> 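Dumping the structure here so I can ask a few things about it.
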Amino acid sequence: MENNTIELLAFDMDNTLLLPDKSLSTRNAQALKQLHANGKHIVLTTGRPLPNVAPFIEQLGLTQSDDYVILFNGGMIKNTHTNENILNRHFILKDMQTAFHIITDLGLPIDIVAEKQVYSITDFGQSDYVKLVNGIVPYQQVALADLPNDLVFNKFVIYADEVQLDHLETVLQQHPELNHILSFVRSRRILLEIVPSGVNKGSALSALLEHFNLTAENLMAFGDEENDYPMLKLAKVGVAMDNAIPQIKDIATDITKSNADDGVGVFLEKYFNL
């Protein structure tokens, strides 16, 4: 295969790079390490905050001076060596009152995700999002009134069943006044992520490509869910997992095995003759 133009490889993590138990397989790790050693930019591109990505950054050795990670579905681009951000899009709590009211009127819980802290808003009930946080990021239950009005955070999420989230998306679409401040996307069928307007994995990767003086012709991306759509659409080589939703498979240039079957490693070995 033609592979000499690919210089930056972007990987969604959950249900893509990681196994169903959220660990990184030996096969996938070896492929990424080898490509990194060969001078390719390896970029974990995720909705997670840094504490939930840091163990994998360490495991893969992605800590050199020109290594970056994309967090919060494209809201933050962080240099993993210096910890400096070249992009940081965020919300301020006081600007979110209208959106919060719309969501809570539907009886849905809200979890606010800041860079180093998750706040579960007790006014709205506790969701199962705490299970995804997995004890790695500090998780605090707090009343909305007790949060500082100038609190800065990169996203908030609604963890609910698929039908409830389908309805919420319909309701949010009926409030065009929110379009200039927020975007929303599913990162899995039971999780709706709400980020600043225009934030997505594709826009973040465009900024990172520009930083490296590269273009989309130099990009390969792997994903499985709706929030991966912009980066697979952008990439010269967009790879959908076998477990991906239909919309992702429809726009992919290639489809590989599932995340449970080391689909990332399988594809990379063949493409780059590893």
Side-chain angles (χ1 to χ4, degrees), residues 14-15 46-49 52 71-76 88-135 137-204 224-230 245-248:
D14 295 289
N15 301 315
T46 177
R48 295 178 177 213
N52 289 71
L71 307 165
F72 298 113
N73 276 319
M76 181 177 287
N88 186 4
R89 296 283 311 283
H90 49 71
F91 291 124
I92 297 175
L93 184 63
K94 64 181 175 62
D95 296 334
M96 290 295 102
Q97 302 302 331
T98 300
F100 280 9
H101 285 313
I102 291 168
I103 294 163
T104 54
D105 282 349
L106 297 175
L108 296 173
I110 293 174
D111 291 279
I112 291 174
V113 188
E115 190 167 1
K116 297 178 180 176
Q117 177 85 39
V118 177
Y119 301 94
S120 174
I121 309 305
T122 53
D123 312 44
F124 318 136
Q126 184 177 2
S127 77
D128 283 336
Y129 186 68
V130 64
K131 296 175 184 175
L132 297 186
V133 174
N134 200 25
V137 183
Y139 183 92
Q140 180 182 350
Q141 291 184 275
V142 60
L144 188 59
D146 292 335
L147 287 171
N149 212 25
D150 59 353
L151 175 69
V152 171
F153 53 98
N154 295 86
K155 71 174 183 178
F156 59 99
V157 301
I158 296 88
Y159 190 109
D161 72 48
E162 196 167 342
V163 174
Q164 288 177 304
L165 292 183
D166 287 345
H167 179 59
L168 173 58
E169 287 197 62
T170 302
V171 172
L172 289 172
Q173 285 161 355
Q174 293 166 357
H175 290 269
E177 75 277 8
L178 295 177
N179 290 345
H180 70 286
I181 59 169
L182 61 81
S183 299
F184 52 88
V185 69
R186 301 282 259 279
S187 60
R188 56 191 74 190
R189 295 297 86 199
I190 54 173
L191 188 66
L192 187 70
E193 308 220 6
I194 301 182
V195 294
S197 179
V199 163
N200 63 64
K201 293 182 178 184
S203 60
D224 73 292
E225 251 295 352
E226 187 180 323
N227 62 328
D228 300 316
Y229 189 103
I245 61 171
Q247 299 97 297
I248 293 298

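All of these numbers come straight from a predicted model, not from anything done at the bench.
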> Supply the atom-to-atom distance I158 CD1 to L106 CG, rounded to the nearest 0.5 angstrom.
10.0 Å

> Apply side chain to side chain contact (heavy atoms under 4.5 Å, CB included) to the pair L168 and I103, showing each step before the final yes or no.
CA-CA 7 Å; L168 173 58; I103 294 163; 3.9 Å; yes

> Provide the closest heavy-atom pair for M76 versus N88 in the form atom of the first, atom of the second, distance.
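Nearest pair, atom of M76 first, then N88: CE-OD1, 3.4 Å.
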
> So which atom in L108 and which in A160 form the shortest heavy-atom distance, rounded to 0.1 Å?
CD2-CB, 3.9 Å

> Give me the one residue out of V152, L182, N154, L151 that meets side-chain contact (heavy atoms from CB on, under 4.5 Å) with F91.
L182

> Under 3.5 Å, is there a donor-acceptor pair linking the side chains of Y139 and D111?
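Yes, because at least one side-chain N or O of Y139 sits under 3.5 Å from a partner of the opposite role on D111.
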
> With a 4.5 Å heavy-atom cut-off, do H180 and S197 have their side chains touching?
no

> Any chance you could measure N227, atom CG, to I245, atom CD1, to the nearest 0.5 Å?
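If we round to the nearest 0.5 Å, N227:CG and I245:CD1 are 8.5 Å apart.
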
> Identify the residue among F72, F153, F156, Y119 that makes a side-chain contact (heavy atoms from CB on, under 4.5 Å) with V113.
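In the set F72, F153, F156, Y119, the residue that makes a side-chain contact (heavy atoms from CB on, under 4.5 Å) with V113 is F72.
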
> So, applying side-chain hydrogen bond (donor to acceptor under 3.5 Å, both in side chains) with R186, which one of E225, E169, E226, E193 is it?
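For R186, the side-chain hydrogen bond (donor to acceptor under 3.5 Å, both in side chains) check succeeds only for E169.
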
> Restricting to non-hydrogen atoms, name the atom on S183 and the atom on P196 that form the minimum distance, rounded to 0.1 Å.
OG-O, 3.9 Å

> What is the distance from atom CG of N73 to atom CD1 of I194, rounded to the nearest 0.5 Å?
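Result: 11.5 Å between the selected atoms.
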
> Would you say the side chain of L147 lies within less than 4.5 Å of the side chain of V142, judging by non-hydrogen atoms?
yes

> Before you tell me yes or no, could you show the steps for N200 and Y229 under side chain to side chain contact (heavy atoms under 4.5 Å, CB included), namely the whole-Å CA-CA distance, both residues' side-chain angles and the distance that decides it to 0.1 Å?
CA-CA 9 Å; N200 63 64; Y229 189 103; over 6 Å; no

> Hey, what do you get for CE (M96) to CD1 (I110), rounding to the nearest 0.5 Å?
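Nearest 0.5 Å value for the CE-CD1 distance: 10.5 Å.
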
> Report yes if some heavy atom in the side chain of D14 is under 4.5 Å from a heavy atom in the side chain of R48; otherwise report no.
yes

> List the atom of Q97, the atom of L144, and the distance in Å for their closest heavy-atom pair.
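Closest approach of Q97 to L144: OE1-CD2, 4.2 Å.
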
> Taking the side chain from Q164 and the backbone from D161, do they hold a donor-acceptor pair closer than 3.5 Å?
yes

> Quick check: closest heavy atoms across L178 and I102, and the distance to 0.1 Å?
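So the minimum-distance heavy-atom pair works out to CD1-CD1, 3.7 Å.
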
> Which atoms form the tightest heavy-atom contact between P109 and G125, and what is the distance?
CB-O, 3.2 Å

> Between V195 and V185, does a side chain to side chain contact (heavy atoms under 4.5 Å, CB included) hold up when you go through it step by step?
CA-CA 8 Å; V195 294; V185 69; 5.6 Å; no

> Donor-acceptor pair, distance only, cut-off 3.5 Å: does the side chain of K155 make one with the backbone of G75?
no

> Nearest 0.5 angstrom please: D228 CG to T46 OG1, how far?
9.0 Å

> So, taking the atom named CZ in F124 and the one named CG in D105, what distance separates them when rounded to the nearest 0.5 Å?
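Result: 9.5 Å between the selected atoms.
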
> If we count only N and O atoms by modelled type, under 3.5 Å, do the side chains of T104 and D123 hold a donor and an acceptor together?
no

